[in-house]
Structures are given as structure tokens and as C-alpha cells.
Amino acid sequence: MEKENLFAHIENLAPGLVTLLLLSSRIPATTDIIPNTKVFELIQQQFITGLIVIAFAYLLGVLIFIISRFVIDTLSALTFRPIFLKLYRWDDFNTICPKEINQKYRDIVKSALELDKDNPIRQEVVLRRQRGRLLRTLVFPLLIFIYPSFGLLMALLAVIIIVAIYAYSELAIYQEANN
């Protein structure tokens, strides 16, 4: 299996496993989840249970990946990304229009990804994008962890912090792609 494909699967599985673990810690131990005795007997087999957990975690991770991409990418593009790009790479942008700044960001990253697979710039951009995606998918496990204990205000603050850190990681991707 190719290294990039393996990372794509890990990017889906890891957030799903963490989220599944956090969600399962919220379920009381006395909850009767499976009332059907035949299904319960089947699930008591470790191999079957392992398959079900991995499959469910993977599917949950894909769902988290899609939703976090929509939410965090959109928030980043509308807030912190254009600010950080303009602030740190002032000479690269002759406008303050977020739409134009975001378009130039996408064009530069796209051109870096179109380079040869062995090109060190492409490899570094791919690596930094993988890190950014893992950071982006952290938002849902973090919300599951923070919200019940600390409330809505702290959960909102956590989302804002994640969006800011993610936007900064996009700045790092841009800087590497623009070399």
C-alpha cells in the first residue's frame, strides 16, 4: 500500500476511534444496548466485536472528516486564513479581499501538488496538509470531551482556537508551497 493511501485511511480511522472511545465513556455501564440475545452472543466473540468497532470507527471517522472539512475549512477561509496570509506574507498579496487571498492560496497549493511525486516541495506540502487534516478532525473529539464538563462557552472557545491553529497550519502550507 502506498504511503499516502495509508495516511488517508489513518486520517479516517484515528478520529473515529478517539470519538468512539469518548462517546462510549459517556454511556452508563448499566445500559442495555443490545436487547436481542442472538446478536448479543455474536458480539461477545472478540473477533466480531473488533471488526464491528473498527468498521464503526472508520465510518464515524469519515463522517467527522467530511463535517470538519466543511465547518473548519469554511470558518478558516472566512476568518483567520486571509488574515494570517496577509499578515505574514504581505508582499505576496496586493489585496485585502479574502476571496482573492483564498483563491491565490488554493492556486499555489494546487501547483505544488501537481509537481513530481519525488519533489521535496510537494512531499512537504503533502505532509503538512496531512497534519492540518488531523488537526481539523480533532474538533469533534475535543467538543465531546469539553462540552459536557465545561459548557457551551468553553466548547465555542475551543472551536475558535482550533480554527486559528488550523489557519496557521495553512499559512505554513502556503509558505512551503510558494518556495
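We're numbering straight along the sequence, starting at 1.
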Peer 1: Only one of Leu17, Leu20, Val18 passes side chain to side chain contact (heavy atoms under 4.5 Å, CB included) with Pro141; say which it is.
Peer 2: Val18
Peer 1: Quick check against the 3.5 Å criterion: does Arg129 have a side-chain atom that pairs as donor or acceptor with the backbone of Val125?
Peer 2: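 Judged by distance alone, no pair lies under 3.5 Å.
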Peer 1: Identify every side-chain donor-acceptor pair in residues 50-62 under 3.5 Å, counting partners at least two apart or on other chains, and give the distances.
Peer 2:
from: Tyr58; atom 1: OH; to: His9; atom 2: ND1; distance (Å): 2.8
from: Tyr58; atom 1: OH; to: Asn12; atom 2: ND2; distance (Å): 3.3

Peer 1: Apply side-chain hydrogen bond (donor to acceptor under 3.5 Å, both in side chains) to the pair Asn119 and Gln123, showing each step before the final yes or no.
Peer 2: CA-CA 6 Å; Asn119 187 302; Gln123 290 175 349; over 6 Å; no
Peer 1: Do Glu100 and Lys104 meet the salt-bridge criterion of a basic N to acidic O distance under 4.0 Å?
Peer 2: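 The answer is no: the pair does not qualify as a salt bridge.
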Peer 1: Can you check whether Leu22's main-chain N or O pairs, donor with acceptor, with Ser25's side chain at less than 3.5 Å?
Peer 2: yes
Peer 1: Are Arg136 and Asp73 ion-paired here, with the side-chain N under 4.0 Å from a carboxylate O?
Peer 2: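 A salt bridge links Arg136 with Asp73.
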Peer 1: State which residues pass side chain to side chain contact (heavy atoms under 4.5 Å, CB included) with Ile146; sequence neighbours excluded, sorted by chain then number.
Peer 2: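 Partners of Ile146 under the side chain to side chain contact (heavy atoms under 4.5 Å, CB included) test: Leu142, Phe150, Met154, Ala155, Ala158.
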Peer 1: Taking Arg89 for its side chain and Gln175 for its backbone only, find out whether a donor-acceptor pair lies under 3.5 Å.
Peer 2: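 Flag not set: sc Arg89 to bb Gln175 has no pair under 3.5 Å.
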Peer 1: Under 4.5 Å between side-chain heavy atoms, counting indirect links through other Ile/Leu/Val/Met/Phe/Trp/Tyr residues: same cluster for Phe140 and Phe65 or not?
Peer 2: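 The answer is no; the residues belong to distinct hydrophobic clusters.
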Peer 1: Would Ile162 and Leu138 satisfy side-chain contact (heavy atoms from CB on, under 4.5 Å), going step by step from the backbone distance to the final call?
Peer 2: CA-CA 8 Å; Ile162 290 289; Leu138 174 69; 3.8 Å; yes
Peer 1: Listed by chain and number, what are the side-chain hydrogen bond (donor to acceptor under 3.5 Å, both in side chains) partners of Ser76, not counting sequence neighbours?
Peer 2: Glu170
Peer 1: Ignoring hydrogens and angles, tell me if any N or O in the side chain of Asn178 forms a donor-acceptor pair with the backbone of Tyr174 under 3.5 Å.
Peer 2: no
Peer 1: Return yes if some donor-acceptor pair links the side-chain N/O of Lys86 with the main-chain N/O of Ile96 below 3.5 Å, else return no.
Peer 2: no
Peer 1: Examine distances only and state if a side-chain atom of Arg122 and a backbone atom of Ala112 form a donor-acceptor pair shorter than 3.5 Å.
Peer 2: no
